[in-house]
Asker: 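Can you keep this structure in mind? I'll have questions shortly.
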Amino acid sequence: MSARSADWYKDAVIYEVRVRSFFDANDDGKGDLRGLTSKLDYLKDLGVTALWLLPICPSPMRDDGYDISDYRNVHPDVGTLEDFRIMLDAAHERGMRVIMELVLNHTSDQHPWFQRARSAQRGHPDRDWYVWSDDPKRYKGARVVFKDFEKSNWTWDEQAGAHYWHRFYHHQPDLNFDHPTVREAMLAVVDHWFGLGVDGLRLDAVPYLYEREGTDCENLPETHEFLRQLRARVDALWPGRMLLAEANQWPEDAVKYFGKGDECHMAFHFPLMPRLFMAMRLEERRPITEILARTPDIPTNCQWALFLRNHDELTLEMVTADERDYLWKEYAKDPQARLNMGIRRRLAPLLDNDRRRIELMSSLLFSLPGTPVLYYGDEIGMGDDLNLGDRNGVRTPMQWTPGPNAGFSSVDASKLLLPLVGDPAYHWQTVNVSVQHANESSLLHWTRRLLHLRARHPAFGRGSTVFVDAGTYHALAFVREHEGDRVLVVCNLSRYTRPLTLDLARWKGAVPVELFGRVKFPPIKGGGYPLTLGPRGFCWFALETA
Ligand code: BGC
């Protein structure tokens, strides 16, 4: 693999992949690491530069592997540690990085640590690996995250004779980060995966590591202190590796996960995501520009991770109550689509399978400041299945071909881990990689072109951002610039064709060159630059010197 550039994550295009749903190489109905390895060329060709693997460690799978029972191994369903090494080498040979999950807040209740803790005497250090209480009213300031499934963050354990603390499902007891041995154990897990050659770790549910009375038990100073220790260790032992915070928080709290450039390298921008959907529906730019204006600057060695959809529900925690009502009304008309505080749908169904809106949203994902994270299947516009429970409807098998089981597996269809999407609008016989590969006008080809265009302009990953007045709130326009590389992005969020007048005086003399067709536009003479965009149209220009 090419020499490690320390901040590779700034130029990355991350592909989020559920290994179990991607490709089944041993025909047992479940996707596996060997299957993923065999599809790396597809991802490389698409323009992906980093993979983010959903959980692959041994687990009873009651929360899709976020309930870990062994941090150092691979679940037999997806293969072996050797299969993992082979996949990692194959990815590195192709210049692709690999990001894994670090589920540090909690374990499965089946983890030997919990089994040991629940049978240990009170006061014994083994017991203190988890958070126990006789009083289930402690920490009442902490919200219940999975509110459709859990009533409390405490669950009674008969064997221990006490309640234990959990921020998610009751079968996922929270580790006690006040216990030094727990912190050491987690650092050893980090060493294990970085030692194997993994390039990055996504810190799952990181705001919840500590509990303190009188607080909401999120973003506590102790959490940031632990992250600084973790980062110091990564810098000392594993330079060039990356930590990505999953902190579903308001911008001012989320930026704290970067610290002073001495905590995480990356953090997801959760509040931006629902506002992109809001801007689409309202047909105006304000939800986007307002949240970005509210987002503090970040240290120069850090980067936001941007996303439209992922393996979870479209969370509406980081919007106001009115905004939430609006988004629920507009995007989750079917009550079945609602889950916890969000909407359990994929990108294409959320956008009514409207190609223009899908392209417009993707153009934003790939041009706004940050590193884009693409959810598997969204490059072909896969649908979802609301009949499946929890978030499984957005985790169905990747659709490769119009053949049996969509080319995902050769097993008998009844043995597939999850059924294929059979909804006629998104049926796997028409929405699949091979059909779209053969059609140059397909979403797959379009997405690939977008990724390749982005790769040619470092300004997208690294550039400064200046918003440009376009004469109407229906349009969003901005210039990204990095070391002489300048790109102008213009979007018409409205359903109608719109004449725009862009205030490009600052770039007087530059020539906009449209990136898809390399078509030269008239030079910028100063003042208002006229441009007309069709319904939900967008343009990416390079601003070249005349
Ligand atoms: C993951 C979820 C998971 C939860 C508990 C998250 O934030 O993204 O899929 O259920 O953590 O581990």
Side-chain angles (χ1 to χ4, degrees), residues 14 16-21 52-71 75 99-111 113-114 130-131 142-150 153 155 164-175 177 186 189 200-209 217-219 223 243-249 253-254 257 264 266-271 273-274 305-318 339-346 373 375-376 384 388-396 418:
I14 300 176
E16 179 188 353
V17 57
R18 184 174 189 257
V19 178
R20 295 169 171 270
S21 292
W52 153 25
L53 272 48
L54 290 175
I56 58 164
C57 289
S59 153
M61 296 300 290
R62 295 178 70 191
D63 183 16
D64 214 33
Y66 283 98
D67 46 332
I68 291 179
S69 53
D70 175 1
Y71 280 93
H75 196 297
I99 301 162
M100 296 249 313
E101 290 285 343
L102 180 69
V103 184
L104 68 178
N105 178 67
H106 48 266
T107 68
S108 159
D109 60 2
Q110 300 307 303
H111 197 293
W113 295 342
F114 188 71
Y130 293 82
V131 182
R143 67 195 163 112
V144 174
V145 182
F146 287 168
K147 65 178 192 56
D148 286 2
F149 303 95
E150 301 290 345
N153 288 323
T155 289
Y164 61 88
W165 178 251
H166 54 87
R167 288 311 296 265
F168 294 94
Y169 284 120
H170 65 276
H171 53 77
Q172 288 166 307
D174 275 30
L175 284 161
F177 270 76
M186 218 25 93
V189 171
L201 292 170
R202 170 189 180 269
L203 310 188
D204 181 64
V206 70
Y208 314 114
L209 302 189
C217 299
E218 299 184 22
N219 315 316
T223 298
L243 300 172
L244 163 58
E246 191 225 6
N248 185 0
Q249 300 291 330
D253 291 319
Y257 288 85
C264 294
M266 296 186 77
F268 287 102
H269 202 313
F270 273 94
M273 184 274 297
L306 309 185
F307 66 106
L308 299 175
R309 288 310 322 116
N310 63 16
H311 63 292
D312 288 328
E313 69 275 24
L314 189 169
T315 161
L316 299 176
E317 279 159 313
M318 292 306 128
L339 181 76
N340 298 319
M341 202 69 127
I343 304 170
R344 52 188 198 113
R345 301 229 70 171
R346 264 189 182 269
V373 182
Y375 186 49
Y376 86 94
D384 50 33
L388 302 176
D390 200 343
R391 291 148 288 174
N392 285 334
V394 302
R395 298 171 177 178
T396 59
L418 288 171

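Order of appearance sets the numbers: ligands from 1, and atoms from 1 within every ligand.
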Asker: Who's the nearest protein heavy-atom neighbour of atom 8 (O) of ligand 1, and how far?
Answerer: D312 OD2, 2.5 Å
Asker: Any donor-acceptor pair under 3.5 Å linking the side chain of R167 with the backbone of R143?
Answerer: yes
Asker: Suppose we measure from atom 12 (O) of ligand 1 to each protein heavy atom; which comes out shortest, and what is that distance?
Answerer: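 So the nearest neighbour among protein heavy atoms is H106 NE2, 2.8 Å.
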Asker: Does ligand 1 have an atom that lies less than 4.0 angstrom from a heavy atom of E313?
Answerer: no
Asker: Atom OH in Y208, atom CG in N219: separation rounded to 0.5 Å?
Answerer: 8.5 Å
Asker: Provide, to 0.1 Å, the distance between atom 7 (O) of ligand 1 and the closest protein heavy atom, together with that atom's residue and name.
Answerer: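 Answer for atom 7 (O) of ligand 1: E246 OE2, 2.6 Å.
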Asker: Within this structure, what is the CE-CZ distance for the pair M266 and R202, rounded to the nearest 0.5 Å?
Answerer: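 If we round to the nearest 0.5 Å, M266:CE and R202:CZ are 12.0 Å apart.
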Asker: Measuring from H311:NE2 to E16:CD, what's the distance to the nearest 0.5 Å?
Answerer: 5.5 Å
Asker: Starting from atom 3 (C) of ligand 1, what is the nearest protein heavy atom, named by residue and atom, and what distance separates them?
Answerer: D63 OD2, 3.4 Å
Asker: Check for me whether R18 meets the cation-pi criterion with Y66, that is, NZ or CZ under 6.0 Å from the six-membered ring centre and within 45 degrees of the ring axis.
Answerer: no
Asker: Around atom 6 (C) of ligand 1, find the nearest protein heavy atom and jot down its residue, atom name and distance.
Answerer: D204 OD1, 3.0 Å
Asker: Give the atom numbers and elements of ligand 1 that come within less than 4.0 Å of a heavy atom of F146.
Answerer: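 Answer for ligand 1: 10 (O).
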Asker: Hey, which atoms in ligand 1 end up nearer than 4.0 Å to a heavy atom of R391?
Answerer: 2 (C), 3 (C), 9 (O), 10 (O)
Asker: Will you find, in the side chains of E317 and N248, an N or O donor that is under 3.5 Å from an N or O acceptor?
Answerer: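 The answer is yes; a qualifying pair exists.
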